[in-house]
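These values consider heavy atoms only, across backbone and side chains, with no hydrogens, waters or symmetry-generated copies. The chains referred to below are lettered A, B, ... by the order of the sequence lines, with proteins before strands, and numbering in each begins at 1.
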Number of protein chains: 2
Amino acid sequence: MDVHEVERLLRARRCSLTPQRRAILRYLADNDTHPTAADIFEAVTADFPITSRATVYNTIALLRELGVLSEVNLPGTEARFDPNTAPHHHLRCVRCGQLTDIPTDRVRLEHDLPGEVRSASVLFEGVCEGC
Amino acid sequence: MDVHEVERLLRARRCSLTPQRRAILRYLADNDTHPTAADIFEAVTADFPITSRATVYNTIALLRELGVLSEVNLPGTEARFDPNTAPHHHLRCVRCGQLTDIPTDRVRLEHDLPGEVRSASVLFEGVCEGC
DNA sequence: ATGCGTGCAAATAGTTTGCAGCGAG
DNA sequence: CTCGCTGCAAACTATTTGCACGCAT
C-alpha cells in the first residue's frame with residue numbers, strides 16, 4: 001500500500017487528510033503482520049495519542065471502500081486487515097498462529113468450475129519457516 | 001455428518017444425548033447451507049422449542065471438538081458452520097452471496113512451500129450456477 | 001441417584017452509531 | 001468559512017460464562 005497513492009485517492013474523493021488518518025496510513029503501509037482493529041488502534045495511539053476506536057473503524061471502512069485494504073477472516077479470531085490487496089494466498093502456522101502472505105507465483109491452481117470465477121485465494125495450514 | 005456416528009462419539013465421551021442436542025444434530029445432518037449460530041438457533045427452536053442460544057453455542061463447541069463440524073469465516077459475515085469436515089473448497093457467489101461447497105477433485109492445487117503443509121482450502125469468488 | 005446439560009441472565013468482546021464541536025481545506 | 005471528521009459514550013451484535021435446577025443415564 002502506497003501512502004501517497006492513498007492520499008491522492010482520498011483527495012479525489014474530497015476526503016480530509018487528518019492527522020489520525022495519516023497515522024493510520026503510516027502504520028499500515030508495508031505492514032505484513034495482518035493487524036486486528038485493536039492492533040491498529042494501539043499502534044496509532046502510540047504514534048498520535050488522540051485517536052479513538054471509532055475513528056480507526058471508520059478509517060478501515062473508508063480504506064476498504066477505496067480498495068486499498070482487505071479483510072482476512074480466520075476461524076476463531078477477530079477480523080484482520082491486510083494492506084496488500086493484490087491477489088495472494090495465506091499460510092497459517094498451526095504452531096505459532098502467525099499468518100504469512102504467499103505470492104501467487106508459488107502456487108499453481110486449476111479448476112473446472114462453471115460460470116465466471118473472478119478470484120481464488122488459498123489458505124494453507126501448516127508449520128511456518130520460523131517454527 | 002452422520003447423526004448415528006456422532007451419537008456414538010458422544011456416548012464414547014460419556015456425553016448426554018439430550019433432546020436439544022438431537023435437534024441440533026438433526027438440523028445439521030446433511031445441511032449444506034453453511035448456517036450461522038443464529039440460523040441454527042432459529043431452526044432448532046422451531047423443532048424443539050425449549051432451547052437457548054447458550055446451548056447452541058455449547059453444542060457447536062462440542063461438535064467442533066469431536067471434529068464433526070467445521071467453522072467457515074468470510075470477511076464481513078458472522079461465523080458459519082459446516083457439517084462437512086472432509087477437505088473441500090468453497091465458492092462464494094458475488095451476486096447472491098451464497099456459499100457452495102466445491103469437492104477437492106474439481107480443483108488441482110500445487111505449491112512449493114517449504115515445511116510441512118497439512119491442508120489447503122480455496123475460496124473462489126464468482127457467479128454461482130443459480131445466478 | 002448423580003452429575004452433566006440446561007435455561008436464564010448477566011458479562012464480555014468486537015463493532016457501529018448519534019451527536020456536538022473542532023479543524024482541514 | 002464550511003462541511004467533513006473526530007472523540008465520546010451509548011447502542012448493538014455475537015458470543016461466553018456463572019449458577020441453580022432438571023433430566024439423561
Side-chain angles (χ1 to χ4, degrees), chain A residues 3-4 6-27 34-66 69-81, chain B residues 3-4 6-27 34-66 69-81:
Chain A
V3 174
H4 295 297
V6 178
E7 294 188 347
R8 219 176 302 129
L9 288 169
L10 286 172
R11 268 191 224 101
R13 267 207 170 201
R14 283 185 222 155
C15 289
S16 306
L17 279 169
T18 61
Q20 290 86 347
R21 286 188 182 161
R22 281 182 204 275
I24 292 170
L25 289 181
R26 216 177 298 134
Y27 173 67
H34 306 91
T36 62
D39 292 335
I40 298 173
F41 173 72
E42 206 174 327
V44 167
T45 296
D47 183 0
F48 186 85
I50 303 161
T51 303
S52 76
R53 268 166 247 277
T55 298
V56 170
Y57 281 107
N58 286 338
T59 303
I60 287 172
L62 179 58
L63 296 177
R64 295 228 292 143
E65 270 179 52
L66 294 178
L69 187 68
S70 66
E71 186 177 337
V72 188
N73 281 58
L74 300 178
T77 66
E78 322 140 47
R80 296 178 164 274
F81 300 94
Chain B
V3 175
H4 295 298
V6 178
E7 294 188 348
R8 217 176 305 128
L9 287 169
L10 286 172
R11 267 190 226 101
R13 265 207 172 203
R14 283 186 223 152
C15 289
S16 306
L17 280 169
T18 62
Q20 290 87 346
R21 287 188 182 161
R22 280 182 205 275
I24 293 170
L25 290 180
R26 216 177 299 134
Y27 173 68
H34 306 91
T36 62
D39 292 334
I40 298 173
F41 173 72
E42 207 173 327
V44 167
T45 297
D47 182 1
F48 186 85
I50 304 162
T51 303
S52 74
R53 268 166 247 275
T55 298
V56 170
Y57 282 107
N58 285 337
T59 303
I60 286 171
L62 178 59
L63 295 177
R64 295 230 290 143
E65 270 179 52
L66 294 177
L69 187 68
S70 66
E71 187 177 336
V72 187
N73 280 59
L74 299 178
T77 67
E78 323 140 48
R80 297 179 163 272
F81 299 94

query: Taking only residues two or more places apart in sequence or in another chain, which ones pass side-chain hydrogen bond (donor to acceptor under 3.5 Å, both in side chains) with Glu42(A)?
result: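 Not a single residue meets the side-chain hydrogen bond (donor to acceptor under 3.5 Å, both in side chains) criterion with Glu42(A).
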
query: Partners of Asn73(A) by side-chain hydrogen bond (donor to acceptor under 3.5 Å, both in side chains), sequence neighbours excluded?
result: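 If we apply the side-chain hydrogen bond (donor to acceptor under 3.5 Å, both in side chains) test to Asn73(A), skipping adjacent residues, there are no hits.
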
message: Across nucleotides 10-25 of chain D, 5' to 3', mark each nucleotide with B, S or - according to how protein heavy atoms within less than 4.0 Å reach it.
response: ----SBBB------SS

Among residues at least two apart in sequence or on other chains, which ones pass side-chain contact (heavy atoms from CB on, under 4.5 Å) with [X]?
{"X": "Ala37(A)", "answer": "Tyr57(A), Ile60(A), Phe81(A)"}
{"X": "Thr55(A)", "answer": "Gln20(A), Thr51(A), Ser52(A), Thr59(A)"}
{"X": "Asp39(A)", "answer": "Tyr27(A), Pro35(A), Thr36(A), Arg80(A)"}

Taking only residues two or more places apart in sequence or in another chain, which ones pass salt bridge (charged side-chain N to carboxylate O under 4.0 Å, His left out) with [X]?
{"X": "Arg8(A)", "answer": "none"}
{"X": "Arg53(B)", "answer": "none"}
{"X": "Glu71(A)", "answer": "Arg64(A)"}

field: Boundaries of the DNA chain C segment in contact with chain A, non-hydrogen, under 4.0 Å
entry: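 Listing 5' to 3', DNA chain C meets chain A from dG14(C) to dG25(C).
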
message: Categorize Thr36(A) for me: base, sugar-phosphate, or nothing, with a 4.0 angstrom heavy-atom threshold over every strand shown.
response: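 Nothing: the residue Thr36(A), judged by heavy atoms under 4.0 Å, touches no strand.
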
message: Measure CD1/Ile24(A) against C1'/dT6(D) and give the value in whole Å, please.
response: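 It works out to 11 Å between those atoms.
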
Angle by which the axis turns from one end of the helix from dA1(C)-dT25(D) to dG25(C)-dC1(D) to the other, five pairs per end, to 10 degrees: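 About 40° separates the two local helix axes.
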
field: Salt-bridge present (Glu7(B), Arg22(B); N to O < 4.0 Å)
entry: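 Answer for the salt bridge query: yes.
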
Using atom types as modelled, flag every donor-acceptor pair under 3.5 Å from a side chain in residues 9-16 of chain B to any protein atom, sequence neighbours excluded.
| from | atom 1 | to | atom 2 | distance (Å) |
| --- | --- | --- | --- | --- |
| Arg13(B) | NH1 | Glu65(B) | OE1 | 3.2 |
| Arg13(B) | NH2 | Glu65(B) | OE1 | 3.0 |

